[in-house]
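What follows is a set of notes on a single structure, which appears directly below.
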Amino acid sequence: MEKTIFKRIIDREIPANIIYEDDLCLAFMDISPQAPVHFLVIPKKEIPSTDAVEEEGAALVGHLYCVIRKLAREKGLMPGGYRVVSNCGPAGCQTVPHLHFHVLGGRQMTWPPG
């Protein structure tokens, strides 16, 4: 099976503007930002999507959200706010089969998102 682009970033095979890393996850700036601040947070463990998260993955997902909170504050997105998006499957527009969270902010988000 071919590595996803996110696994290749984790393995440092391709460059990324990494803004955070620990034993469980990696965060980096999106190469095609949709907002003034747009970064991704991904687990280092290869999980295909939100639909593949099992009960034993609850602590990992909780950790990812704590990292999201920390980085959003560091990037100045609070107290104004930000959006967290995780696309799931083809109808949800997921293009990389590796669980990831987009964090967008720095402008007013619109609703519905599309």
- Query: Going from SG on Cys66 to CG on Asp22, what distance comes out if it is rounded to the nearest 0.5 angstrom?
  - Reply: 11.0 Å
- Smallest separation among heavy atoms of Ile19 and Lys75, with atom names: CD1-CE, 3.9 Å
- Task: Could you tell me whether Lys45 and Glu54 make a salt bridge, using a distance below 4.0 angstrom between a side-chain N and a carboxylate O?
- Result: no
- Does a salt bridge link Lys3 with Asp11, judged by any charged N lying under 4.0 Å from a carboxylate O? yes
- Pairwise distance NE2(His98) to CD1(Ile9) - rounded to 0.5 angstrom: 9.5 Å
- With the threshold set at 4.0 Å, does a side-chain nitrogen-carboxylate oxygen contact exist between Glu13 and Lys7? no
- Message: Test of understanding: with side chain to side chain contact (heavy atoms under 4.5 Å, CB included), list the residues that count as partners of Thr95, not counting sequence neighbours.
- Response: none
- Heavy-atom check, side chain of Phe28 versus side chain of Val41, under 4.5 Å: no
- Item | Atom pair CG (Leu99) and OG1 (Thr4), whose distance is rounded to the nearest 0.5 Å | 11.0 Å
- Task: Look at atom CD1 of Ile31 and say whether more than 12 heavy atoms of other residues, nucleotides or ligands are closer to it than 6.0 Å.
- Result: no
- Message: For a quick test of reading the model, state the closest non-hydrogen atom pair linking Gln94 to Cys88 and the distance between them.
- Response: OE1-CA, 3.5 Å
- Query: Atom CD of Glu74 and atom OH of Tyr20: how far apart are they, to the nearest 0.5 Å?
  - Reply: 9.0 Å
- Exercise: identify the closest heavy-atom pair between Arg83 and Pro113: NH1-CB, 4.0 Å
- Message: For Ile10 versus Lys44, what's the shortest heavy-atom pair and its separation?
- Response: CD1-CA, 3.7 Å
- Task: Mind listing the closest non-hydrogen atom pair of Cys25 and Val67 along with its distance?
- Result: SG-CG2, 3.8 Å
- Nearest-0.5 Å distance that lies between atom CG in Asp30 and atom CG in Leu104: 7.5 Å
- Message: I need the Ile47 CD1 to Leu60 CG distance, nearest 0.5 Å.
- Response: 5.0 Å
- Message: For Gly106 versus Leu77, what's the shortest heavy-atom pair and its separation?
- Response: N-CD2, 3.4 Å
- Message: Run the salt bridge (charged side-chain N to carboxylate O under 4.0 Å, His left out) test on Arg12 and Glu21 for me, step by step, so that the C-alpha distance in whole Å, both residues' side-chain angles and the decisive distance to 0.1 Å come before the verdict.
- Response: CA-CA 12 Å; Arg12 302 302 199 272; Glu21 181 174 17; 2.5 Å; yes
- Are Ile5 and Met29 connected, step by step, through hydrophobic side chains (Ile, Leu, Val, Met, Phe, Trp, Tyr) whose heavy atoms are closer than 4.5 Å? no
- Answer yes if Met78 and Val37 sit in the same cluster of Ile, Leu, Val, Met, Phe, Trp and Tyr residues linked by side chain heavy atoms under 4.5 Å apart, and no otherwise. yes
- Message: Please list all pairs meeting ring-ring contact (aromatic ring centres under 6.0 Å, His included) that have one or both residues in residues 35-84, counting only residues at least two apart or in different chains.
- Response: His38-His102, Tyr65-Phe101
- Message: Is there a path of hydrophobic side-chain contacts, each under 4.5 Å between heavy atoms of I/L/V/M/F/W/Y residues, joining Val53 to Ile68?
- Response: yes
- Item | Counterpart residues, salt bridge (Lys or Arg N to Asp or Glu O under 4.0 Å), relative to Arg107 (two or more places apart) | none
- Message: Between Ile18 and Leu71, is there shared hydrophobic-cluster membership here, with clusters defined by ILVMFWY side-chain heavy atoms closer than 4.5 Å?
- Response: no
